[in-house]
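If you're wondering where the values come from, they're calculated on a predicted model, not measured in any experiment. All values below were derived from every heavy atom in this structure, side-chain atoms included, with hydrogens, water molecules and symmetry-related copies excluded.
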Amino acid sequence: MEKQSRDKILKMVQMAMLIAISLVLIMLIRFPLFPSAAFLQYDMADVPVLVGTLLFGPLSGLLILLIEAFLQAFLLGGDGWVGFLMHFIASGALVLIAGLFYKKWHSVKGIAVGLIIGSIGATLLMIPLNYIFTVHFYGVPLDAVNQLMLPAIIPFNIIKAGVNSVITAGVYLPLNRYLVRRRKPAVDKQNQL
């Protein structure tokens with residue numbers, strides 16, 4: 001088997017592992033942050049998705065997210081197609097922004113700026129998504145969404161995205177250093193031949 005085929009298979013296996021880790025995290029770590037809005041549950045599912053994004057790029061990150069969000073929404077007692085769309089759109093913004101920043105500026109600063117701007121983007125997207133989907137498809141009155149927006153919905157989304165971004169950076173940076181060290185001897189051996 002040629003090296004390119006092996007690398008492609010390895011990448012697919014690693015992406016599948018990240019999806020599996022995401023799903024396990026959803027089942028193990030899930031709790032409300034605000035008693036007034038217990039339906040807003042924190043989970044760490046985006047951490048492996050973001051790690052995959054930083055490892056493989058924004059398009060691979062979106063693919064990991066697409067599969068993870070679908071499985072969460074339809075197999076793990078998620079919120080069906082509405083929850084799937086809201087999750088994919090908001091987390092997709094975080095994944096895309098973080099991935100593009102890191103792709104352009106392959107540095108700790110690129111990771112930090114991408115995750116910060118991505119977290120803000122995901123939070124801002126959840127405002128209209130809640131007005132559209134929560135009101136029109138979940139049947140929650142507009143007044144109830146308005147009353148929860150500032151004290152719960154916006155803070156929840158920024159905290160969730162922010163905490164997951166910090167955990168992602170904490171996991172990815174040492175992982176990346178390890179992977180770079182692991183690849184370096186192979187590159188050095190090739191250069192000696």
Side-chain angles (χ1 to χ4, degrees), residues 1-30 42-73 75-76 84 87-123 125 157-193:
M1 189 183 299
E2 64 183 56
K3 184 178 179 347
Q4 192 175 23
S5 294
R6 280 195 315 261
D7 289 347
K8 194 173 186 176
I9 291 169
L10 180 61
K11 179 181 174 182
M12 288 183 347
V13 168
Q14 290 170 334
M15 289 171 65
M17 286 174 46
L18 290 167
I19 293 166
I21 292 167
S22 241
L23 297 174
V24 168
L25 286 173
I26 277 186
M27 292 186 283
L28 294 177
I29 301 170
R30 195 172 172 95
Y42 170 79
D43 66 71
M44 292 176 59
D46 285 349
V47 171
V49 174
L50 287 166
V51 168
T53 301
L54 298 174
L55 282 172
F56 306 120
L59 293 180
S60 294
L62 286 174
L63 179 60
I64 294 168
L65 174 64
L66 179 72
I67 296 167
E68 178 272 321
F70 181 85
L71 293 172
Q72 177 188 355
L75 297 179
L76 296 180
F84 167 74
H87 181 185
F88 184 74
I89 293 169
S91 292
L94 173 54
V95 162
L96 198 57
I97 292 168
L100 289 173
F101 266 89
Y102 188 54
K103 189 174 181 178
K104 179 126 174 102
W105 295 285
H106 210 70
S107 64
V108 174
K109 185 178 179 181
I111 292 171
V113 171
L115 290 171
I116 289 167
I117 294 174
S119 295
I120 293 167
T123 301
L125 268 172
N157 284 294
I158 197 70
I159 290 169
K160 180 181 176 186
V163 168
N164 285 342
S165 292
V166 168
I167 294 170
T168 297
V171 168
Y172 177 74
L173 291 171
L175 175 65
N176 188 47
R177 279 196 287 280
Y178 167 77
L179 292 173
V180 167
R181 276 197 316 265
R182 190 162 177 248
R183 275 183 251 153
K184 192 171 181 179
V187 171
D188 290 342
K189 283 180 188 175
Q190 283 179 339
N191 289 338
Q192 291 173 355
L193 298 177

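- Taking every heavy atom of both residues into account, A122 and A90 meet most closely at CB-O, 3.3 Å.
- I26 CD1 to I21 CD1: the interatomic distance, rounded to the nearest 0.5 Å, is 13.0 Å.
- To the nearest 0.5 Å, atoms CG (L65) and CZ (F88) are separated by 5.5 Å.
- Annotation: salt bridge (charged side-chain N to carboxylate O under 4.0 Å, His left out) contacts involving residues 7-19, sequence neighbours excluded, comprise K3-D7.
- When side chains are defined from C-beta on, N176 does not count as touching L54, because their heavy atoms never get closer than 4.5 Å.
- In terms of heavy-atom proximity, D46 sits nearest to S91 at OD2-OG, 2.7 Å.
- Atom CG of L50 sits about 9.5 Å away from atom CD1 of I64, to the nearest 0.5 Å.
- When the ring pair (Phe, Tyr, Trp, His ring centres under 6.0 Å) test is applied to F101, the partners found at least two apart in sequence or on another chain are W105.
- From L96, atom CG reaches atom OG1 of T53 across 9.0 Å, with rounding to the nearest 0.5 Å.
- Dense packing is recorded around OH of Y42, with more than 12 heavy atoms of other residues, nucleotides or ligands lying under 6.0 Å away.
- Taking every heavy atom of both residues into account, V49 and S22 meet most closely at CG2-OG, 3.8 Å.
- Across L18 and G52, no two heavy atoms sit closer than the pair CD1-CA, 3.4 Å.
- L125 and A93 make their closest contact through CD1-CB, 3.4 Å (heavy atoms, listed as atom of the first residue, atom of the second, distance).
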Between Y102 and L115, is the side-chain contact (heavy atoms from CB on, under 4.5 Å) condition met? List the steps. CA-CA 9 Å; Y102 188 54; L115 290 171; over 6 Å; no
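- Shown here for S119 and A161, the closest heavy-atom pair between the two residues is OG-O, 3.4 Å.
- To the nearest 0.5 Å, atom OG of residue S60 and atom CG of residue L55 are 10.0 Å apart.
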For a side-chain contact (heavy atoms from CB on, under 4.5 Å) check, start with the C-alpha distance between I120 and I158, then their side-chain angles and the critical distance, and finish with the verdict. CA-CA 7 Å; I120 293 167; I158 197 70; 4.3 Å; yes
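- Remark: the backbone N or O of D43 is paired with a side-chain donor or acceptor of N164 at under 3.5 angstrom.
- To the nearest 0.5 Å, the span separating CD1 on I19 from CD on Q14 amounts to 12.5 Å.
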Derivation and outcome, side-chain contact (heavy atoms from CB on, under 4.5 Å), residues L66 and F84: CA-CA 9 Å; L66 179 72; F84 167 74; 3.6 Å; yes
